[in-house]
Amino acid sequence: MSPRTILVTGGAGFVGSSIALFLKQAMHEVDVVALDNLKRRGSELALTRLASGGVRFVHGDARILSDIEGSIDAELVIDCAAEPSVLAGLNGSPQYVIDTNLGGTLNTLEYCRHRGAGLIFVSTSRVYPFTRLKQLPLRIDENRYSVDTSTTVPGIRDGGVLEEFPLEGARSIYGASKLSSEIMIREYVEAYQLNAVINRCGVLTGPWQMGKTDQGIVVYWLLSHHLQRPLRYIGFGGNGYQVRDILHVQDLASLVHKQIEQLETTRYGIFNVGGGLDSSVSLRELTGRCRELTGTSFEIGHDPEDRQGDIPYFVTNCDRVKAAFDWAPECGLDTLLADTNEWVVEYRDALEKII
Ligand SMILES: NC(=O)c1ccc[n+]([C@@H]2O[C@H](COP(=O)([O-])OP(=O)(O)OC[C@H]3O[C@@H](n4cnc5c(N)ncnc54)[C@H](O)[C@@H]3O)[C@@H](O)[C@H]2O)c1
């Protein structure tokens, strides 16, 4: 049964606003509310888009249960409120990350428990430990790392990370806050018969992402090319061989739509969600793509030292989510980069001030 009311926490953020607007368009009759405390710079730009797309905005903080409770009486919550940087908390207190990412989800779970509401949790591939990902057997193929398939690695299939990838090891405060939330979601599903889906997303991109060095790399790289602002390949020798797969946020939104329709039959599940090997790119390759798209070319700096939490390779194996929801990404790398670049060009002046 389709919900009549949906609450999207972090609904003015990149992912939350994209999902909220997609759902409102796909399910006209549904009341969609976006709750956000506008902590992320640039999220305020979403307010006009949300209003013109028919999504009601509520200013509220996921750390405060009464803010969530007072927003709307929803039958489904999509949890996108987060401090999403893998570096968050490293140079100071981890309190905000933990309070929002874990505490906010605990409040959301309480909200769901009170109403019997379903939950779709936007988690992250960062739940997989960087300490293990750094030990993957890699080789250099021209401009990128590839997994050496001559040895079998637990949790890796066809060059992609499965949901069974071992979880023992350090994963960053951010990754740990999301994994802790996942564990609590599992308990609420069992104890209170909630329906919940957990999407462990890899790199997402698309229009309206306020990219920074530590989060939203595609927008950051594209904008820096347009502005001819210095860039560096950081870590792993400073060569830019590190690889990530990328998913267009619209493909995630269409997946969430399918998951809403199947939530009652799914009841509970953890899914890796990403663009897969075909939509993977190394930083060096991304530079080449940015040069083509922007018509600019300048020397990229080299910083050989790894930053804590950085990984040389992450590509998602999406077999499970594809089979469960008859879903596959529609936007390949070309479309995804062209689409994002078009938006960067249009909003260049505003972005220059924010990013
Ligand atoms: N963007 C990606 O590449 C990516 C990849 C994997 C997972 N994710 C997950 O997607 C979700 C959304 O990330 P995003 O990329 O849209 O980031 P974002 O920063 O654009 O969005 C997060 C939103 O949450 C809001 N927020 C922060 N603290 C809050 C609080 N205490 N109460 C209410 N709102 C608060 C921010 O203002 C922001 O609008 C996060 O859970 C993140 O872990 C994102």
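Atoms within a ligand are numbered from 1 in the order they appear, just like the ligands themselves.
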(request) May I ask you to test the Phe314-Asp245 pair for a side-chain heavy-atom distance under 4.5 Å? (result) yes

(request) Assess Ala46 for proximity to ligand 1: is some non-hydrogen atom of it under 4.0 Å away? (result) no

(message) Does ligand 1 come near enough to Val15 that some N or O of the ligand is less than 3.5 Å from an N or O of the residue?
(response) yes

(message) Assess whether a salt bridge exists between Arg186 and Glu190, defined as any Lys/Arg side-chain N lying under 4.0 Å from an Asp/Glu carboxylate O.
(response) yes

(message) Between ligand 1 and Arg126, can you find any atom pair, the residue atom being a heavy atom, that is separated by under 4.0 Å?
(response) no

(request) Decide whether the shortest distance between a heavy atom of Ser125 and an atom of ligand 1 is less than 4.0 Å. (result) no

(request) May I ask you to say whether Asp310 pairs ionically with Arg307, meaning some side-chain N is under 4.0 Å from a carboxylate O? (result) yes

(message) Considering non-hydrogen atoms of the protein only, which is the closest contact for atom 42 (C) of ligand 1, and what is the distance?
(response) Tyr174 OH, 3.4 Å

(request) Looking only at protein heavy atoms, identify the closest one to atom 31 (N) of ligand 1 and say how far it is in Å. (result) Asp61 OD1, 2.9 Å

(request) Please list all pairs passing the salt bridge (charged side-chain N to carboxylate O under 4.0 Å, His left out) test where one or both residues lie in residues 97-112, with sequence neighbours left out. (result) Glu110-Arg113

(request) Counting heavy atoms only, name the option from Gln215, Arg244, Arg40 that's nearest to atom 1 (N) of ligand 1. (result) Gln215

(message) Regarding atom 37 (O) of ligand 1: of the candidates Asp36, Ile64, Ile68, which has the closest heavy atom?
(response) Asp36

(message) Please work out, at 4.0 Å between heavy atoms, whether the side chain, the backbone, both, or neither of Thr205 comes within that distance of ligand 1.
(response) neither

(request) Spell out, as yes or no, whether a donor-acceptor pair under 3.5 Å connects the side chain of Lys178 to the backbone of Val122. (result) yes

(message) With a 4.0 Å cut-off on heavy atoms, is Glu83 in contact with ligand 1?
(response) no

(request) Tell me which protein heavy atom sits closest to atom 35 (C) of ligand 1, plus the residue, atom name and distance to 0.1 Å. (result) Asn37 OD1, 3.0 Å

(message) Tell me whether Lys134 forms a cation-pi arrangement with Tyr313, defined as NZ or CZ under 6.0 Å from the six-membered ring centre and within 45 degrees of its axis.
(response) no

(message) Suppose the criterion is salt bridge (charged side-chain N to carboxylate O under 4.0 Å, His left out): which pairs have a residue in residues 222-240, not counting sequence neighbours?
(response) Arg232-Asp303

(request) For atom 44 (C) of ligand 1, state which one of Thr9, Leu204, Val249 supplies the nearest heavy atom. (result) Leu204

(request) Assess Cys80 for proximity to ligand 1: is some non-hydrogen atom of it under 4.0 Å away? (result) yes

(message) Parallel, tilted or perpendicular, judged at 30° and 60°: which one describes the rings of Trp343 and Tyr347?
(response) tilted

(message) Does the residue Gly42 have a heavy-atom contact with ligand 1, meaning some pair of atoms that are separated by less than 4.0 Å?
(response) no

(request) Scan side-chain atoms only and decide if His248 and Asp339 contain a donor-acceptor pair under the 3.5 Å cut-off. (result) yes

(message) So for Arg200, does at least one of its heavy atoms come nearer than 4.0 angstrom to any atom of ligand 1?
(response) no

(request) Just need the protein heavy atom nearest to atom 7 (C) of ligand 1, so name the residue and atom and give the distance. (result) Ser123 O, 3.2 Å

(request) Please check if any side-chain donor atom of Thr205 sits under 3.5 Å from a side-chain acceptor atom of Gln209, or the reverse. (result) yes

(request) Around atom 40 (C) of ligand 1, find the nearest protein heavy atom and jot down its residue, atom name and distance. (result) Ala82 CB, 3.4 Å

(message) Tell me the protein heavy atom at minimum distance from atom 10 (O) of ligand 1, and give that distance in Å.
(response) Val122 CG1, 3.3 Å

(request) With Arg132 as the cation and Tyr128 as the aromatic partner, state whether NZ or CZ is under 6.0 Å from the six-membered ring centre and within 45° of the axis. (result) no

(message) Looking at ligand 1, would Met210 count as a contact under a 4.0 Å heavy-atom criterion?
(response) no

(message) Below the 3.5 angstrom mark, is there an N/O of Ala81, backbone or side chain, next to an N/O of ligand 1?
(response) no

(message) Regarding Lys24 and Glu29, does a basic nitrogen lie under 4.0 Å from an acidic carboxylate oxygen?
(response) no

(request) Specify side chain, backbone, both or neither for Tyr96, according to which of its non-hydrogen atoms lie closer than 4.0 Å to ligand 1. (result) side chain

